[in-house]
S.K.: 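If you scroll down you'll find the structure; I have some questions about it.
The first residue in the sequence is number 1, and the count goes up from there. Numbering of ligands and ligand atoms starts at 1, following listing order.
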Amino acid sequence: MRVLIALGGNAMTSADGKARPADQIAAVATAMEPVADLVAVGLDVVITHGNGPQVGNLLVKNELAASVVPPVTIDWCGAQTQGTIGFIVLNALERALAARGVRRRVAAVVTRTLVDASDPGFGRPTKPIGRYLPPPEAKVLIEHGQVWEDRGPRGWRRVVASPEPVEVLDAAAVAALLAAGFVVVANGGGGIPVVRQPDGSVVGVEAVVDKDLGAALLGRALGVEMLVIATDVDGAVLGFGTPGERPVGTVDAATLRGYAAQGHFAGGSMGPKVEAACQFVEHGGRRAVITTLGRIAEAVRDDVGTTVLPVDITREVAGHG
Ligand code: ADP
Ligand code: MG
């Protein structure tokens with residue numbers, strides 16, 4: 001069986017959100033333990049990951065050093081973090097596999113995700129990235145063409161487009177490595193966003209693809225049976241943050257979409273995870289699970305956290321019950 005594991009921010013940085021190199025290495029080492037358990041039982045595993053804090057740090061470096069070294073664009077930051085995070089995941093996973101006596105090779109793929117240049121997201125950027133700045137400093141960057149928004153008492157923050165991922169362009173390379181027996185790290189940060197030129201070539205764009213939506217698309221392209229979205233909560237809840245909070249357990253995609261339409265899942269956090277899980281099972285995936293890192297091995301065998309099934313399977317189960 002093929003499994004795609006999407007690692008959230010808490011798998012990549014320390015609990016307080018710090019992203020010093022040592023914090024990232026330690027967090028990734030912890031995350032690779034349950035991943036190695038899955039590889040050890042013979043599953044074909046693909047790993048994808050977030051990169052928010054890492055890109056945030058690169059943007060700060062860009063700003064502070066702009067008069068000395070030329071700043072780079074957000075797509076470049078995405079590519080750079082696929083490199084650094086891929087690197088530490090390879091080291092940690094190899095070590096965890098060796099400790100289990102498992103001889104599987106691992107590889108990381110620089111992965112581009114095609115987005116549509118006419119995506120409405122480009123017209124109204126919504127995704128906040130990087131650090132807060134006082135208005136005068138933000139103003140300078142606005143004059144350089146960036147979009148910054150007043151986010152209240154903490155200051156101003158840059159917002160960028162978050163267009164829908166259309167195609168994971170390097171999925172074929174991931175598939176080839178999987179077929180050759182590799183554990184593959186791919187599509188980090190949702191993939192490096194690129195748009196198609198009239199001559200057929202692609203170029204990077206200043207945008208951020210949602211990591212979970214990118215994962216669902218990669219999972220479909222690879223024909224993986226299962227998508228596990230590992231985050232810092234054990235699934236989605238209804239009435240989030242209210243006294244009547246109620247976990248969503250095993251659910252079919254249509255029912256879950258109904259809850260989403262009622263506004264239960266926050267945009268930019270649980271919302272895209274729910275959308276990704278639905279899209280995945282609606283396009284051939286057998287199950288999608290939103291749970292904590294510690295339960296990913298369990299998620300392969302049992303329904304844990306929020307387990308999303310295609311509607312026909314849920315009916316089948318109900319029928320047998
Ligand atoms: P990751 O870094 O793993 O992608 P996010 O922070 O983006 O994680 O999303 C997980 C967060 O979503 C949870 O920590 C929680 O605060 C928030 N959240 C918003 N709405 C809900 C909900 N309805 N149920 C559960 N968590 C929710
Ligand atoms: Mg988070």
Side-chain angles (χ1 to χ4, degrees), residues 4-19 23-24 26-28 30-32 34-35 47-57 78 81-82 85 89 113 126-130 151 157 159-160 162 165 185-191 208-219 227-251 253 255-280 288-296 299 304-308:
L4 172 60
I5 302 168
L7 299 172
N10 66 320
M12 322 300 307
T13 53
S14 67
D16 60 4
K18 290 234 171 70
D23 298 319
Q24 297 187 47
V28 167
T30 304
M32 288 307 115
V35 173
I47 299 162
T48 190
H49 56 82
N51 65 352
Q54 290 84 355
V55 168
N57 285 356
T81 62
Q82 284 187 353
I85 297 171
V89 169
T113 294
T126 51
K127 172 81 182 163
I129 54 165
R151 312 288 289 191
R157 203 152 177 230
V159 285
V160 297
S162 187
V185 186
N187 216 39
V208 170
V209 176
D210 179 81
K211 172 259 299 174
D212 296 305
L213 295 179
L217 199 56
L218 176 62
L227 170 65
V228 183
I229 298 175
T231 185
D232 56 359
V233 287
D234 191 28
V237 301
L238 304 181
F240 179 66
T242 69
E245 218 175 72
R246 195 155 57 84
V248 180
T250 300
V251 66
T255 306
L256 188 57
R257 280 196 183 282
Y259 297 146
Q262 292 164 13
H264 284 286
F265 314 120
S269 58
M270 191 50 72
K273 295 183 198 309
V274 162
E275 177 63 30
C278 290
Q279 286 182 8
F280 178 73
V289 182
I290 304 167
T291 188
T292 53
L293 195 54
R295 300 189 82 184
I296 63 180
V304 300
T306 295
T307 295
V308 188

S.K.: Please report the C-alpha distance between T292 and D232 in whole Å, then the side-chain angles of each, then the deciding distance to 0.1 Å, and finally whether the side chain to side chain contact (heavy atoms under 4.5 Å, CB included) criterion is met.
M.R.: CA-CA 6 Å; T292 53; D232 56 359; over 6 Å; no
S.K.: Decide yes or no for L7 and L293: does some side-chain heavy atom of the first lie under 4.5 Å from some side-chain heavy atom of the second?
M.R.: yes
S.K.: Taking all atoms of both residues into account, what is the closest heavy-atom pair of T113 and P165, and its distance?
M.R.: CG2-CB, 3.5 Å
S.K.: Would you mind listing which atoms of ligand 1 come within a distance below 4.0 Å of any non-hydrogen atom of A236?
M.R.: 24 (N), 25 (C)
S.K.: Please confirm whether G235 comes within less than 3.5 Å of ligand 1 when only nitrogen or oxygen atoms on both sides are compared.
M.R.: no
S.K.: Please identify which atoms of ligand 1 are closer than 4.0 Å to at least one heavy atom of H264.
M.R.: 23 (N)
S.K.: Backbone or side chain, does any N or O of D212 fall under 3.5 Å from an N or O of ligand 1?
M.R.: no
S.K.: Side chains of Q24 and M12, heavy atoms from C-beta outward: is any pair under 4.5 Å?
M.R.: no
S.K.: Heavy atom to atom 18 (N) of ligand 1, shortest distance: which of Y259, F240, F265 holds it?
M.R.: F240
S.K.: When you look for heavy atoms under 4.0 Å from ligand 1, do you find them on the side chain of K273, its backbone, both, or neither?
M.R.: side chain
S.K.: Excluding sequence neighbours, so at least two apart, what forms salt bridge (Lys or Arg N to Asp or Glu O under 4.0 Å) with K273?
M.R.: D212
S.K.: Please report the interatomic distance CD(Q82) to CG(N51), rounded to the nearest 0.5 Å.
M.R.: 7.5 Å
S.K.: Would you say the side-chain atoms of T13 pair up with the backbone N or O of N10, donor to acceptor, closer than 3.5 Å?
M.R.: no
S.K.: Under 4.0 Å from a heavy atom of V233: give me the atoms of ligand 1 that qualify, with their elements.
M.R.: 13 (C), 14 (O), 26 (N)
S.K.: For ligand 1 and K211, I'd like to know whether there is a polar contact (N/O to N/O, distance under 3.5 Å).
M.R.: yes
S.K.: Enumerate the atoms of ligand 1 whose separation from the nearest heavy atom of G8 is less than 4.0 angstrom.
M.R.: 1 (P), 2 (O), 3 (O)
